[in-house]
Structure formats: C-alpha cells, structure tokens
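Throughout, numbering of the chain's residues begins at 1 and tracks the sequence.
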Amino acid sequence: MKALSVRQPWAYAIIHSTKNIENRGWPINYRGDILIHAAKTCTKKEYQLAKEFCQDMGVV
C-alpha cells in the first residue's frame, strides 16, 4: 500500500473535509487506497493557509 506524508493541518483536511486536490508537481499513476501520514509540525504560515482553506470549504 502507498503512503503520503503531509504536514498538519493538511492531513486533517484531507481526511475530515473536502481537500481532494493534489498540488504536488509530479504525475502519479497509482489509483487505490492510500495511507495519510500526518507530519508532526507545520509553520505558522502553513497553519494559516490551511485554516483559510478549510474556512473557504465551510469547515470551522
């Protein structure tokens, strides 16, 4: 099984809200189940961007 490491709070957004877009710059041909690994830390800027994204999607 494949796994994807994602910094918090993006991992939460993938699992619990509607983040279904991958922004990584390389193509992938894999389709199927995937494990989401939540990285331990994020910067304040990354947190703010994720918060705004979730709010725009209606997640408080």
Side-chain angles (χ1 to χ4, degrees):
M1 182 175 288
K2 302 284 184 178
L4 180 66
S5 288
V6 184
R7 287 187 177 186
Q8 284 292 25
W10 293 112
Y12 180 90
I14 291 169
I15 299 299
H16 296 286
S17 65
T18 57
K19 184 179 186 312
N20 58 4
I21 298 169
E22 176 54 54
N23 298 321
R24 295 176 192 245
W26 59 82
I28 186 168
N29 295 322
Y30 179 77
R31 298 293 181 264
D33 293 336
I34 190 165
L35 299 172
I36 303 297
H37 168 257
K40 186 175 180 179
T41 62
C42 73
T43 66
K44 192 171 191 173
K45 181 179 179 180
E46 290 170 331
Y47 178 83
Q48 187 61 35
L49 288 171
K51 180 181 175 185
E52 291 170 8
F53 172 84
C54 289
Q55 287 174 338
D56 289 346
M57 300 305 284
V59 178
V60 179

**Asp33, CG: over 12 other non-hydrogen atoms inside 6.0 angstrom** = no
**Message:** What's the separation between atom CE in Met1 and atom OH in Tyr30, rounded to the nearest 0.5 Å?
**Reply:** 6.0 Å
**Single-linkage hydrophobic cluster, 4.5 Å side-chain cutoff, Ile14 and Leu49 together** = yes
**Request:** Establish whether Ile15 and Tyr47 are linked, either directly or via other cluster members, by ILVMFWY side-chain heavy-atom contacts under 4.5 Å.
**Result:** no
**Request:** Determine whether Val6 and Ile34 fall in the same hydrophobic cluster, where Ile, Leu, Val, Met, Phe, Trp and Tyr are linked whenever their side-chain heavy atoms lie under 4.5 Å apart.
**Result:** yes
**Message:** Could you report the tightest heavy-atom contact between Ser5 and His37, atom names first, then the distance?
**Reply:** OG-ND1, 3.0 Å
